[in-house]
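Before any comments, here is the structure.
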4 protein chains.
Amino acid sequence: MARPRSAAADCAILDATRAALVELGWSKLTMGDVAARAGVAKTTLYRRWTGKSALVVDAVAVLFDELELPDRGSLHADVEGVVLSFAALLARPETSTSLMAVVAESTRDAALRDRLRCAVVDRQKRLVLDGRARAQARGELPPDSDPASAARQTDLVFDLIAGAVVHRALVSGEPVDEAWAAGFATLLVAGLGAAHPPAPPPQPRTPPEPC
Amino acid sequence: MARPRSAAADCAILDATRAALVELGWSKLTMGDVAARAGVAKTTLYRRWTGKSALVVDAVAVLFDELELPDRGSLHADVEGVVLSFAALLARPETSTSLMAVVAESTRDAALRDRLRCAVVDRQKRLVLDGRARAQARGELPPDSDPASAARQTDLVFDLIAGAVVHRALVSGEPVDEAWAAGFATLLVAGLGAAHPPAPPPQPRTPPEPC
Amino acid sequence: MARPRSAAADCAILDATRAALVELGWSKLTMGDVAARAGVAKTTLYRRWTGKSALVVDAVAVLFDELELPDRGSLHADVEGVVLSFAALLARPETSTSLMAVVAESTRDAALRDRLRCAVVDRQKRLVLDGRARAQARGELPPDSDPASAARQTDLVFDLIAGAVVHRALVSGEPVDEAWAAGFATLLVAGLGAAHPPAPPPQPRTPPEPC
Amino acid sequence: MARPRSAAADCAILDATRAALVELGWSKLTMGDVAARAGVAKTTLYRRWTGKSALVVDAVAVLFDELELPDRGSLHADVEGVVLSFAALLARPETSTSLMAVVAESTRDAALRDRLRCAVVDRQKRLVLDGRARAQARGELPPDSDPASAARQTDLVFDLIAGAVVHRALVSGEPVDEAWAAGFATLLVAGLGAAHPPAPPPQPRTPPEPC
DNA sequence: TTATAATCGAGACGGTACGTCGGGTCTTATT
DNA sequence: AATAAGACCCGACGTACCGTCTCGATTATAA
């Protein structure tokens, strides 16, 4: 009935947020500064987001959608690929600073946790699902026995890949380069192959998973 | 020649910091509040730490030293054990919030990054070193071929374990329970075993991932 | 276009400042305390005044405007009257402490000096101007010969009266009572009369002091 | 019985205080800074003075002792002389800043008031006493009728001179130059002469006060 | 000559206020 | 309605001084 919200403003605000994150990082980013950069009043920000954290989640989430998983011919190569492209994403100053900060904030804020989960986490599981399906099609992984265990496996692999890359890059502070990616992929693929022995597991050796 | 710094104050401050973290969480923790709880002037805090982040790193670091790796008889059981005890540590409100927050901050602050690394990260690599040595003694893992690759392997495993647990617990927000720990351990042990086939590698080492 | 500054706040702040001066005196008066009394944020104080001194000048200046000079029938009586009412004003705890303090501060702060001069000093010269005009109308003082010398005379008398009262009350710390006021008025009136001999100056003007 | 206090320290401290007053003014002068300038520990300052005000009083008091009243041949000239030399003293940055500040402080602090009175105020009344005695010797003023009224007269003149000069210089902020000094002296001498007519007042000329 | 005890420098300490900054809400006029 | 502008309340920030306190190192007297 009355004036609708400006869509252009939303876009300008998210752009401004990303720009501010690059320049200032999470902790020095201020709502007032974002508003000024976007040519918008602070009121307009608060009309649309509950605070800094929610704003940043939305601003950063779209960057994660740029991740893709082109078919590199083998599970090993696909893992290497996703590791390197995820690492490249984390190397951008917008993401590294704010991802950890928002996660930290989300431990005390359920609404933020949900927003983060559905805007970032769940949306990227597609990469693992794609990779798994492709590997199964190639015969590198056995077909899903039942949906529940397939979901468990997906989640495990997702946490493994994402967690390892994040930890290597941001906590340990070491580079995620080709060598590391190769070593990681080797370990992961071997682990998956052994846990789900491809066709006939030669020797069961410490049968780790439900045969 | 002058009055030395009170060691009791240091202790009271770190205790107060942990208590405040439990009650308030990282983002509502205040230097003034910590000082008040510790019965100490704000100045004293700033005389010893450059800010909230540095203080929290020191306060939390000791908690990580409580982690131990008792011999559970097998590499698989040792991995399960360390995963669960690390998860238990992360479940404590002092650690989860602040670890992520400090990591976030450290992306923009080199001094903090160093402090974090040497106070937390490097100190816990001992767990991986112990576990590896023990597994090698048991014959579950081959002896180190050369020191450099041993260090690479240690780092990789460390990032894998710590990263996966942190990501599962804090980012995905799913419980790290026995079932998950078992699945994770299975995958990891299998991966390690395949990458470094136990005693006499039946297949050539290099192509660990199946064809 | 934006929200205008609250006029009520200004008033509340100045009232609070005076109240705080009475209770605490200049040196224990705190910006934070004034803000709290006025029910206002500290920021609001600093948005309008540059500091404690400027605030106090404005808070105290209005008190000086209460001074009046009723016609008491003679120059001598008028002087006595203004001396006593000025002394009464200085006896109030708001004024004495803060007047001196602000003067002290103003020796190093040109902006404050100006503010003080136009808010307090210049505004009270009206008393001397009124008294002089009235005395001239009564024939107690000769009419102004030229404007410049009239201004000089006004300034001299102003400094004389104000200075003597302030010095007696605050520096010497002796009471400014009727007796002292009478003695002072006698001296001043005599001095003015002799310096400007009433009608026909019998002796040449310049040598007022004997030989 | 034990080690006595260093006399050199006292001197260094007072010098440092004056130097700091010149550079920083009263309000930015700090005890720590004075101690540092004097090459002395803060403790030493507090062992000898109760605080900034007391210290400054002592540091400045000696400057007032430099005032002298050479015989200039007439009461008028003597008044002019003392006005100008007092103004010169007040023009020094050490004195102007701190005199007013200490007076302000003393309105709330009895001990300081006493210290100020005996260290500065009372000690300078000698100038008025000398001037009066000299003028009486010259016959410009009548001899004292009784000691009480002599004291009253002395105090009145003291407050008049000191007050007027201070007010002119620090409150009004106008220069105390020869012209002003001459005008002031003329008025004062005339007032004194009329109030106490020299010997036999030839013509009562606007009988100002009851002989 | 040697205790002995006050004094000294240095500077850490518990406080209090500072002046600034950012968060989030509100008022106003404009679109 | 929704907006830009910006005043407002709140609370934390990190700093500066305060005046007190502990230190170990000097001294000048009194033993």
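Convention: sequence-line order gives letters A, B, ...; per-chain numbering from 1.
Between B:A2 and A:T50, the residue anchored closer to the 5' end of DNA chain E is B:A2, taking for each the nucleotide with the nearest heavy atom. Between B:T30 and C:A9, it is C:A9 whose nearest contact on DNA chain F lies nearer the 5' terminus. Residue whose closest nucleotide on DNA chain E sits further toward the 5' end, between A:Y46 and D:K42: D:K42.
Residue contacts shown for B:G51 are absent, as no nucleic acid heavy atom lies under 4.0 Å away.
Among residues two or more places apart in sequence or in another chain, the side chain to side chain donor-acceptor pair (under 3.5 Å) test is passed with B:R48 by B:D10.
Heavy-atom minimum distance, A:E94 versus A:R18: CG-O, 3.8 Å. Contact record, C:S98 with C:V60: OG-CG2, 3.6 Å, taken as the closest heavy-atom pair.
Under the 4.0 Å criterion applied to side-chain N and carboxylate O atoms, A:K28 and A:D33 are not assigned as salt-bridge partners.
Rounded to whole Å, atom C1' of E:dT25 lies 13 Å from atom CE of A:M31. Computed from coordinates, the A:K52 NZ to F:dA12 C1' distance equals 14 Å when rounded to whole Å. Rounding to whole angstrom units, CZ of residue A:R37 and C1' of F:dA4 are separated by 19 Å. For the pair C:D33 CG and E:dC18 C1', the interatomic distance rounds to 14 Å; values are reported in whole Å. Atom pair A:R47:CZ and E:dC26:P shows a separation of 13 Å (rounding to whole Å applied). Separating the NZ atom of A:K28 from the C1' atom of E:dC21 is a distance of 13 Å, rounded to the nearest angstrom. To the nearest angstrom, P of F:dA7 lies 15 Å from CG of C:L45. The CG-P distance, from A:D10 to F:dA2, rounds to 13 Å in whole Å.
Taking 4.0 angstrom as the limit, D:R3 places a side-chain polar atom (N or O) nearer than this to OP1 or OP2 of F:dT27. Phosphate contact (OP1/OP2 of F:dC9, side-chain N/O of C:T44, threshold under 4.0 Å): present. Residue A:R48 has a polar side-chain atom (N or O) positioned under 4.0 Å from OP1 or OP2 of F:dT3. Under 4.0 angstrom from either OP1 or OP2 of F:dC21 there lies no side-chain N or O belonging to D:T43.
None of D:L21, D:L112, D:T97 except one satisfies the side-chain contact (heavy atoms from CB on, under 4.5 Å) rule with D:V56; the exception is D:L21.
Of the candidates F:dC9, F:dC8, E:dA12, F:dC9 carries the atom nearest the C:A41 side chain, counting heavy atoms from C-beta on.
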